[in-house]
Asker: 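Before we start, here is the structure in question, set down as structure tokens.
It should be emphasised that the depicted structure is a prediction, and the values quoted were computed from it without experimental measurement.
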Amino acid sequence: MPTKLSATLLSGQVYFRTKFAHSCLLSAQYRRNMKQKRYHFIINPAASSGKGMHIWNQVERILQKEQILYEAHILQNAAEAESLVRNLTGRSNACSEISGLHNIDEVAAAEEIQECHIVVLGGDGTLNAVLNGIESFEYTILSCIRTGSGNDFAGNMGISTDTVQALHGILRHKEEVLLDYGVITYQSENAASQSGEALQSRRFIISSGIGYDADICEEVSRSRLKEYLNKIHFGKLVYVAIGIKQIFTRKSKEAVICMDDGEQISVSGLFFVVSMIHEKEGGGVPFCPDADAADGQLDICLVKNMPKWKLLLAVILVYAKKHILFRNITLQRCKKITIRTEVPQWFHMDGETPCQIKEARMECRSGFRFLM
């Protein structure tokens, strides 16, 4: 049985150093060890302008002190998380572990425990990559510890800003919740002009939108101001500053929207439409105050045909959840929504903006396990 376990990352791989005592007892101890939970910590060291590793060092000291079984996976970038999680949660990974066992008891013990508990130390972008890498939702548990600059998911879930308290909640809290997630199906505008290009589907954990909020996310991703503000703990202000700028520079477009296969609705002067799983996005903006992350529905915020002075006032009022006082801002609820725009628009999934599109379908799915 391993008496000491530590993880070191070399060339993108995790290697383990173990010491075995009394190898003749390995078979019986292996069965007991299989029943002990092992955590996979996925760390984005670049999160929150490089503070990710500092937080991980704090977490690791606690894990070692409490003799918790864990594996540490330190990312080169957030996107790397997707392939890593696909490996961890795929059936092929489980089969490879079982294939090395030599008797029926060991195989039975291994097959009983195929759960993978992933703890993310990163922001919403890292969480999005992890969500898209999950192969089996049934056997995957997700948790997170705040390190990113946005942390909208953690904020929506009420996860403590105190690292030690958040970790202890994960290690000691046994009750899981089943949460919804979204799926967006789209074709990039560049690919649309090439025959044979397939549609793409991606998951989102917080929200996905087209128009104003996506334009903000796209500009924030290129902004040097975000990195500077993160260093002085005012990272959220970059969303406010760019959001105000976009009100005066963005031009509204024509669109057609259809919810739950119902009637197609022509929208004149679409400013933006966002599908929300949670209440807040974009640094804590409560576009859908009544959103429930476990009701199996998307909450839709639609903004259309408003003069710029009203849009500016709405941006101020949204933080007090009073934006719905405007007649041309509507909140609706549906299982799925299809959006078509007259010209290509940026869209986002949890703040990530991969391309411009003219049409997308978003739908809500249920059943990912979360523990905090």
Asker: I'd like to know if the side chain of T89 pairs up with that of S136 as donor and acceptor (distance under 3.5 Å, no hydrogens or angles considered).
Answerer: no

Asker: Considering only heavy atoms from C-beta outward, does the side chain of I159 approach that of C144 to under 4.5 Å?
Answerer: yes

Asker: When you measure from the side chain of D295 to the backbone of Q297, do you find a donor-acceptor pair of N or O atoms at a distance under 3.5 Å?
Answerer: yes

Asker: Is I216 reachable from I329 through a run of hydrophobic residues whose side-chain heavy atoms are each under 4.5 Å from the next?
Answerer: yes

Asker: For E342, look at atom CD and say whether over 12 heavy atoms of other residues, nucleotides or ligands are found less than 6.0 Å away.
Answerer: yes

Asker: Do V183 and I357 sit in the same hydrophobic cluster, where Ile, Leu, Val, Met, Phe, Trp and Tyr count as joined when their side-chain heavy atoms come under 4.5 Å apart?
Answerer: no

Asker: Got a salt bridge between R86 and E135, using NZ or NE/NH1/NH2 to carboxylate O under 4.0 Å?
Answerer: yes

Asker: Look at the side chain of D350 and the backbone N and O of I206, then say whether any donor-acceptor pair between them is shorter than 3.5 Å.
Answerer: yes

Asker: When you compare the side chain of L84 with that of I42, does any pair of heavy atoms fall below 4.5 Å?
Answerer: yes

Asker: Pairing donors with acceptors under 3.5 angstrom, does anything connect the side chains of S366 and D180?
Answerer: yes

Asker: Evaluate side-chain hydrogen bond (donor to acceptor under 3.5 Å, both in side chains) for N305 paired with S268, printing each intermediate quantity in order.
Answerer: CA-CA 6 Å; N305 202 24; S268 175; 4.8 Å; no

Asker: Looking only at side-chain N and O atoms, does S207 offer a donor or acceptor that is under 3.5 Å from a partner on E281?
Answerer: yes

Asker: Kindly say whether M372 contributes a backbone atom to a donor-acceptor pair with the side chain of H173 at under 3.5 angstrom?
Answerer: yes

Asker: Side chains of N128 and N132 only: does a donor on one sit below 3.5 Å from an acceptor on the other?
Answerer: yes

Asker: Would you say the side-chain atoms of D299 pair up with the backbone N or O of R333, donor to acceptor, closer than 3.5 Å?
Answerer: no

Asker: Quick check against the 3.5 Å criterion: does S266 have a side-chain atom that pairs as donor or acceptor with the backbone of V256?
Answerer: no

Asker: Go through the steps for R369 and E138 under the test salt bridge (charged side-chain N to carboxylate O under 4.0 Å, His left out), then give the verdict.
Answerer: CA-CA 8 Å; R369 301 164 63 188; E138 183 179 0; over 6 Å; no

Asker: Looking at K308, I want to see if its NZ is surrounded by more than 12 non-hydrogen atoms of other residues, nucleotides or ligands under 6.0 Å.
Answerer: yes

Asker: Hydrophobic cluster membership, with links at side-chain heavy-atom distances under 4.5 Å among I/L/V/M/F/W/Y: are Y39 and I62 in one?
Answerer: yes

Asker: Whether the D152 and H278 side chains hold a donor-acceptor pair (N or O, under 3.5 Å, no angle test) is what I'd like checked.
Answerer: no

Asker: Are more than 12 heavy atoms from other residues, nucleotides or ligands located less than 6.0 Å from atom CZ of R250?
Answerer: yes

Asker: Of all heavy-atom pairs between A360 and I210, which one has the smallest distance, and what is that distance?
Answerer: CB-CD1, 4.1 Å

Asker: Just wondering, do E71 and R38 contact through their side chains at under 4.5 Å, heavy atoms?
Answerer: yes

Asker: Give a yes or no answer on whether the side chain of S83 reaches the backbone of E80 with a donor-acceptor pair at less than 3.5 Å.
Answerer: yes

Asker: Hey, is E66 close enough to R172 for a salt bridge, meaning N to O under 4.0 Å?
Answerer: yes

Asker: Rounded to the nearest 0.5 Å, what separation is found between the CG atom of L88 and the OG1 atom of T140?
Answerer: 9.0 Å

Asker: Using 30° and 60° as the class limits, which term best fits the ring planes of Y212 and F272: parallel, tilted or perpendicular?
Answerer: tilted

Asker: Is there side-chain contact between K280 and V285, with at least one heavy-atom pair below 4.5 Å?
Answerer: no

Asker: Under a 3.5 Å distance rule, please check whether N151 uses its side chain to pair with a backbone N or O of A154 as donor and acceptor.
Answerer: no

Asker: Parallel, tilted or perpendicular for W56 and F41, by the 30°/60° rule?
Answerer: tilted

Asker: Same hydrophobic cluster for F204 and I339, using side-chain heavy-atom links shorter than 4.5 Å among ILVMFWY?
Answerer: yes

Asker: Any idea how F368 and F153 line up, ring-wise: parallel (<30°), tilted (30 to 60°), or perpendicular (>60°)?
Answerer: tilted

Asker: Compare all side-chain heavy atoms of K322 with those of L325 and state whether any distance is below 4.5 angstrom.
Answerer: yes

Asker: For the pair H40 (side chain) and V119 (backbone), establish whether a donor and an acceptor sit closer than 3.5 Å, ignoring hydrogens and angles.
Answerer: no

Asker: Between R203 and E82, is the salt bridge (charged side-chain N to carboxylate O under 4.0 Å, His left out) condition met? List the steps.
Answerer: CA-CA 11 Å; R203 300 167 184 154; E82 186 172 338; over 6 Å; no

Asker: Would you call Q246 and E219 a side-chain contact if the rule is heavy atoms closer than 4.5 Å?
Answerer: yes

Asker: With clusters defined by side-chain heavy atoms of hydrophobic residues (ILVMFWY) lying less than 4.5 Å apart, directly or transitively, does L178 cluster with L127?
Answerer: no

Asker: Is the shortest heavy-atom distance from the side chain of H117 to the side chain of I170 under 4.5 Å?
Answerer: yes

Asker: Would you say T338 and E359 make side-chain contact, with heavy atoms under 4.5 Å?
Answerer: yes

Asker: Using the ring pair (Phe, Tyr, Trp, His ring centres under 6.0 Å) rule, take Y186 and F347 through it: C-alpha gap first, then chi angles, then the decisive distance, then the call.
Answerer: CA-CA 10 Å; Y186 64 95; F347 83 102; 4.6 Å; yes

Asker: If we ignore hydrogens and angles and just use 3.5 Å, is the side chain of S143 paired with the main-chain N or O of L371 as donor and acceptor?
Answerer: yes

Asker: How about H54: does its NE2 atom have over 12 heavy atoms from other parts shown lying under 6.0 Å from it?
Answerer: no

Asker: Checking salt bridge (charged side-chain N to carboxylate O under 4.0 Å, His left out) for the pair D261/K336: CA distance, chi angles, key distance, verdict?
Answerer: CA-CA 8 Å; D261 299 322; K336 58 185 176 181; 3.0 Å; yes

